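Lettering of chains follows the sequences in order, A, B, ..., and the numbering in each one begins at 1. Since the structure is predicted, the reported quantities are computational estimates derived from the model, not experimental observations. Only this structure's heavy atoms are used, side chains among them; waters, hydrogens and symmetry mates stay out.
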Amino acid sequence: MFTVSGTAFVVGAIASIAVLIDCLEMFQRRSAYSDRGLFDYEVLRTGRRLMLIGPLSKPLLGLFRYPNVLLLGCVQILAALFLIVEAWPGTPKYLPACAVAAGMILVARALLYMRNQLGHDGSDQMLLVVFMGLTVAQGAPDPTGRAIGLYYIAAQSVLSYETSGIAKLAGSKWRTGIAVPQIVNTIGYGYPPLGLWLSSHARTGRTLSWSTIAVECAGPLLLFAGIPWALAFVVMIIGLHASIALVMGLNGFFWSFVACAPALILASHNLHAAL
Amino acid sequence: MSVWDILLAVGLGFLLLATALTQFRGQWRFLSKLKSYDIFALIPIWTFFAPNPGTFDQRLMWRDILVDGTFGPWHEMTPPRWSMARALWNPGKRERKAVTDAANILIRRMHKEPKNRLIWLSIPYLMTVNYITSLPQSPLAASRQFLIARTTGADSPDRAHRPLVMVVSNPHALRVPDDAPDRFRTAERRNPGPATAIGKGQ
């Protein structure tokens with residue numbers, strides 16, 4: 001029921017949706033990458049020594065200047081479409097080609113990260129984690145190696161929730177329950193009318209703040225309790241990320257973090273079987 | 001388990017361990033150093049909106065200083081906007097995040113070392129100035145300056161909290177478009193130099 005290769009295909013397909021959306025958004029806002037745009041390479045290259053001087057500076061200039069930088073988006077779109085088609089039931093499976101596609105997305109995204117320096121968020125980091133794990137999961141020579149790739153994705157996902165939950169516990173605004181109402185009371189990451197409503201309903205605000213902490217801190221422990229509990233955790237994180245996308249507009253977080261869910265279920269299944 | 005499997009496990013295990021340790025980079029300087037070498041972001045930071053969440057909008061505004069020394073109105077660069085569609089399609093989020101990142105860095109550094117002019121050569125400052133000076137300009141504009149302000153709540157005349165101005169830049173001379181008539185090539189615009197005093201007339 002929970003095969004390594006099947007899980008890898010589902011992870012790849014969900015993460016590829018995140019990549020497709022991100023790259024299409026990049027194309028819509030391509031002027032930001034042009035000369036004198038916000039991400040003008042002539043300015044950004046002054047921020048990293050290897051982009052400014054040395055043997056790599058010229059090849060990187062050729063790759064990163066506008067419009068060449070859009071090729072990094074094109075490569076990702078083609079590779080993501082391939083991974084989605086490969087995940088479709090009944091399609092002939094080409095594992096090495098999937099590994100190459102995942103590796104291409106990984107390299108393209110890492111290069112874009114290096115180029116832009118600012119403007120990245122947690123979903124970009126999670127996509128790098130997922131495609132690194134997928135490259136291993138679909139390119140390793142034997143089943144054990146493939147499983148290691150998926151376990152890496154699951155472990156980073158658990159670490160992300162635990163770290164975020166514990167860091168929230170350390171914050172007084174989270175503990176007193178005013179964090180969620182105050183975040184939602186911004187335009188960039190919220191919806192001010194809802195933020196005002198939450199501010200005037202302190203108990204609801206506290207419940208939301210503490211629910212977030214509880215899901216992030218205690219949720220991953222459910223993975224040790226077997227598949228039904230692991231599925232319950234997955235449902236919780238889908239709800240968490242859907243509400244974050246809806247209220248905060250962080251659409252990339254939903255796809256990139258939910259992409260880890262199949263790897264979490266596989267890890268939970270194998271862990272429970274081993275215990 | 002083959003040699004390949006062991007190598008993969010060790011490599012990915014190292015990344016996982018480095019990620020776990022780097023979350024505490026504030027406590028140990030060598031971890032901050034390690035993270036600074038991670039130009040590809042292979043070691044993620046997972047402390048989203050914690051421990052101190054951003055509870056305000058960073059607003060980046062710019063205005064022109066005209067050739068007669070008067071000031072134009074303030075305009076906002078990439079203003080934040082709410083819409084239900086952002087849950088599926090949010091193309092402006094990367095630019096908004098870049099503006100917020102840049103504003104946070106500039107505020108932190110300028111308040112820590114207000115006299116340190118090296119900030120003018122930093123990526124956040126240069127990318128902001130480069131962008132605002134590339135926006136369409138009137139031939140009567142001699143220079144342009146920006147400010148970073150913090151707001152909370154919706155943009156409405158009856159907002160509870162007034163915007164809090166955090167940073168105001170010096171004016172930056174604008175380039176004269178190649179096709180501009182010669183009468184617009186005033187002394188200042190012919191010789192665009194570094195920052196000048198606010199309100200300097202011709």
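- Taking the centre of each ring, A:F39 and A:Y33 come in below the 6.0 Å mark.
- For B:H75 and B:F146, the ring centers are positioned 6.0 Å apart or more.
- Between the side chains of B:S2 and A:D142, at least one donor N or O sits under 3.5 Å from an acceptor N or O.
- Contact annotation for A:R146: neither backbone nor side-chain heavy atoms come within less than 4.5 Å of a heavy atom of chain B.
- With a threshold of 4.5 angstrom between heavy atoms, A:Q28 approaches chain B through side-chain atoms but not through N, CA, C or O.
- Other residues, nucleotides and ligands contribute more than 12 heavy atoms inside 6.0 Å of the CH2 atom of A:W174.
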- [ ] Quick one: do A:C260 and A:V130 satisfy side chain to side chain contact (heavy atoms under 4.5 Å, CB included)? Show the steps, please.
- [x] CA-CA 7 Å; A:C260 303; A:V130 167; 3.8 Å; yes
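- Using a 4.0 Å cut-off between charged side-chain N and carboxylate O, A:D40 and A:R45 make no salt bridge.
- For A:K168, the parts lying near chain B are the backbone and the side chain together; criterion is any non-hydrogen pair under 4.5 Å.
- Among A:E42, A:Q125, A:E162, A:E216, the residue making the largest number of heavy-atom pairs under 4.5 Å with chain B is A:Q125.
- Ranked by non-hydrogen atom pairs under 4.5 Å with chain B, the options A:R175, A:R48, A:R109 are led by A:R48.
- Of the two parts of B:M127, the backbone and the side chain both hold a non-hydrogen atom closer than 4.5 Å to a non-hydrogen atom of chain A.
- Only the backbone of B:F56 comes within less than 4.5 Å of a heavy atom in chain A; its side chain stays farther off.
- Contacts between A:M126 and chain B at a heavy-atom distance below 4.5 Å involve backbone atoms as well as side-chain atoms.
- Ionic pairing of B:R94 and A:D22 is present here: one or more N-O contacts between side-chain nitrogen and carboxylate oxygen are shorter than 4.0 angstrom.
- A cation-pi geometry, defined here as NZ or CZ lying under 6.0 Å from the six-membered ring centre and within 45° of its normal, holds between B:R63 and B:F71.
- Residues A:L106 and A:L128 share a closest heavy-atom pair of CD1-O, 3.5 Å.
- Chain B forms the most heavy-atom pairs under 4.5 Å with one residue out of A:G171, A:G145, A:G165, A:A167, and that residue is A:A167.
- The aromatic rings of A:H120 and A:Y113 sit parallel, their planes meeting at an angle under 30°, below the 60° perpendicular limit.
- For chain A, the option among B:V99, B:L135, B:T133, B:L42 with the highest count of heavy-atom pairs below 4.5 Å is B:T133.
- Across B:P80, B:A85, B:P51, the residue that shares the most heavy-atom pairs under 4.5 angstrom with chain A is B:P51.
- Between chain B and the options A:L250, A:D124, A:L112, the largest number of non-hydrogen pairs under 4.5 Å is found for A:D124.
- The aromatic rings of A:F257 and A:F253 lie parallel to each other, their planes meeting at an angle below 30°, with 60° marking the opposite boundary.
- Heavy atoms closer than 4.5 Å to chain A are found in the backbone of B:L88, but not in its side chain.
- Options B:A20, B:A50, B:G13, B:P91 differ in how many heavy-atom pairs under 4.5 Å they form with chain A, and the most are formed by B:P91.
- For A:Q117, the part lying under 4.5 angstrom from a heavy atom of chain B is the side chain only.
- At a 4.5 Å heavy-atom cutoff, the contact between B:L15 and chain A is made by backbone and side-chain atoms alike.
- For chain A, the option among B:L16, B:D38, B:L126, B:T47 with the highest count of heavy-atom pairs below 4.5 Å is B:L16.
- Both the backbone and the side chain of A:M114 come within less than 4.5 Å of a heavy atom of chain B.
- At a 4.5 Å heavy-atom cutoff, the contact between A:V129 and chain B is made by side-chain atoms alone.
- The greatest number of non-hydrogen atom pairs below 4.5 Å with chain B, out of A:G119, A:G37, A:P192, is found for A:G119.
- Interface check for chain A: of the options B:P44, B:A102, B:P124, the most heavy-atom pairs under 4.5 Å are formed by B:P44.
- Contacts between B:W82 and chain A at a heavy-atom distance below 4.5 Å involve backbone atoms as well as side-chain atoms.
- By number of non-hydrogen pairs under 4.5 angstrom with chain B, the leading residue of A:L24, A:L196, A:L169 is A:L24.
- By the 4.0 Å N-to-carboxylate-O rule, A:E25 lies close enough to B:K93 to be salt-bridged with it.
- Taking a cutoff of 4.0 Å between a charged side-chain nitrogen and a carboxylate oxygen, A:D121 and B:K97 do not qualify as a salt bridge.
- A:R65 CZ to A:L63 CG: the interatomic distance, rounded to the nearest 0.5 Å, is 11.5 Å.
- Both the backbone and the side chain of B:I45 come within less than 4.5 Å of a heavy atom in chain A.
- If you measure heavy-atom distances from B:S122 to chain A, you find no contacts under 4.5 Å at all.
- Counting all heavy atoms, side chain and backbone alike, A:I148 lies closest to B:A9 at CD1-CB, 3.9 Å.
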